[in-house]
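Here the structure is laid out as structure tokens; the discussion comes afterwards.
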Number of protein chains: 2
Amino acid sequence: MENNTERFEKLLVKNGLKRTAPRLQVLEILSSRDSATSQPYLEQVMGKDADRVTLYRVLQAFEEKGIIHKVLDQQGTANYAICSEGCSAHEHHDEHVHFNCDNCHKIYCLDSVKIPALKVPAGFKVEHLNLIATGLCANCSSKVN
Amino acid sequence: MENNTERFEKLLVKNGLKRTAPRLQVLEILSSRDSATSQPYLEQVMGKDADRVTLYRVLQAFEEKGIIHKVLDQQGTANYAICSEGCSAHEHHDEHVHFNCDNCHKIYCLDSVKIPALKVPAGFKVEHLNLIATGLCANCSSKVN
DNA sequence: ATGTTAATGCAATTATGTTGCAAATATAAC
DNA sequence: GTTATATTTGCAACATAATTGCATTAACAT
């Protein structure tokens with residue numbers, strides 16, 4: 001079985017991106033976490049390993065290529081998670097539910113949960129659905145209550 | 001039938017807020033529009049009638065009291081709409097669908113659309129649902145296509 | 001009319017996001 | 001391995017957005 005770094009290198013090459021330290025580091029961090037990661041957190045963890053501007057550009061490039069997707073939390077802060085299979089530069093397919101924990105503030109991508117079909121008023125044409133649920137995650141609901 | 005200004009004055013008093021010009025103006029603007037209103041737009045319309053900081057504070061106070069609710073658009077910009085009945089300082093009840101038009105970028109609160117129940121993984125406790133649909137609104141879909 | 005509290009406006013500060021450009025680095029060709 | 005080329009990075013400057021403290025002003029109860 002190949003290790004993470006090899007996987008990530010392939011992923012970068014596949015998308016026409018060069019194998020650079022900041023890019024690999026971002027992929028390592030995002031993949032090591034079970035929930036979406038906020039930009040401020042990334043900034044903090046990367047510290048002086050990468051410039052703030054570089055982080056912006058790495059995230060932007062990844063999003064454009066369909067490697068990661070962005071979720072905004074309640075405060076409007078950008079959070080990022082690695083895309084499931086099927087996303088590409090051309091189109092994202094991340095129409096899963098994002099669960100926002102009120103306690104630990106983690107954002108979970110609930111890939112297994114399907115968004116139900118929606119009846120909208122006449123004339124409206126729905127292209128994409130973005131469902132954000134808030135409450136307590138499995139971890140916190142066992143501890144808090 | 002009472003006019004808007006009277007209604008708004010009552011609304012403010014009911015929530016323990018003083019009847020001031022900037023507050024009344026914000027309520028006038030929000031209620032005159034059929035979709036949620038962005039903070040930048042409010043800022044522009046209010047012009048020199050109110051300081052930018054005042055606007056922030058008015059919006060914050062209104063949101064806390066349950067007079068208006070905030071919706072973030074795709075870019076993370078805050079948009080505001082007057083709450084339906086039933087919202088209070090203690091709790092918001094705005095679990096309707098927010099429709100984001102890709103063409104005119106208006107945000108509609110589709111009060112009539114009910115968000116379907118959701119099956120989440122074991123342990124997760126859903127408190128609130130926030131469903132954002134994107135696509136074309138009734139107005140634009142008749143013009144664009 | 002007057003006093004008290006809340007709200008506003010201004011100035012200063014901090015945080016966040018963007019752009020241009022020179023230096024550094026990845027990678028392909030030799 | 002060296003060299004050439006294009007990409008990527010880091011820095012600096014800039015632009016925009018949000019926050020805080022405080023003195024002044026305005027609302028409203030008495």
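So that the names make sense, note that chain A is the first sequence line, chain B the second, and so on, each numbered from 1.
Here D:dT8 is the nucleotide among D:dT20, C:dT8, D:dT8 with the atom lying nearest to any side-chain atom of A:L17. Side-chain atoms of A:R57 lie closest to C:dG20 of the nucleotides D:dA17, C:dG9, C:dG20. For A:K18, taking side-chain heavy atoms from C-beta onward, the closest of the listed nucleotides D:dT8, D:dA27, D:dT9 is D:dT8. You'll find that the side chain of B:Y56 is closest to D:dA18, out of D:dA18, C:dG9, C:dA26. When the nucleotides D:dT8, D:dA27, C:dT8 are ranked by their closest atom to the side chain of B:V58, C:dT8 comes out on top. Candidate nucleotides C:dG17, C:dG9, D:dT9 were compared by shortest atom distance to the side chain of A:P22, and D:dT9 ranks first.
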For side-chain contact (heavy atoms from CB on, under 4.5 Å), just list the numbers for B:Y108 and A:F124, CA-CA rounded to whole Å, side-chain angles, deciding distance to a tenth of an Å, and then say yes or no.
CA-CA 10 Å; B:Y108 295 87; A:F124 285 79; 4.0 Å; yes
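What separates CG of B:L59 from P of C:dA7 is a distance of 14 Å, to the nearest Å. The CZ atom of B:F62 sits 10 Å away from the P atom of C:dA7 (whole-angstrom rounding). Across the protein-nucleic acid pair, B:R52 atom CZ and D:dT16 atom P stand 11 Å apart, rounded to whole Å. A straight line from CZ of A:R23 to P of D:dT9 spans 4 Å, rounded to a whole angstrom. Between A:N15 atom CG and D:dT8 atom P there is a gap of 11 Å when expressed in whole angstrom units. Whole-Å rounding puts the A:L55 CG to C:dT16 P distance at 13 Å. Rounded to an integer number of Å, the gap from CG of B:D49 to C1' of C:dA7 is 16 Å. The interatomic distance linking A:Q25 (CD) with D:dT9 (P) rounds to 11 Å, in whole Å.
A:T77 places a side-chain heavy atom less than 4.5 Å from the side chain of A:P40. Looking at A:Q74 and B:N130, their side chains come closer than 4.5 Å, going by heavy atoms from C-beta outward.
Contact annotation: B:T20 does not reach the phosphate of C:dA6 (side-chain N/O to OP1 or OP2, under 4.0 Å).
Residue contacts shown for A:A61 are absent, as no nucleic acid heavy atom lies under 4.0 Å away. Within 4.0 Å of A:A21, counting heavy atoms only, lies no atom of the nucleic acid at all. Contact annotation for B:R19: backbone-only contact, meaning every heavy-atom pair under 4.0 Å involves sugar-phosphate atoms and none involves a base.
Toward the 5' end of DNA chain D, the nearer of the two residues A:D51 and B:V13, judged by each one's closest nucleotide, is A:D51. Take the nearest nucleotide of DNA chain C for B:V53 and for B:G16: the residue whose nucleotide is more 5' is B:G16.
Of the possible polar contacts, none joining the A:N15 side chain to the A:L17 backbone as a donor-acceptor pair under 3.5 Å is found. B:S31 places a side-chain N or O within 3.5 Å of a backbone atom of B:L27 that can act as its donor or acceptor partner.
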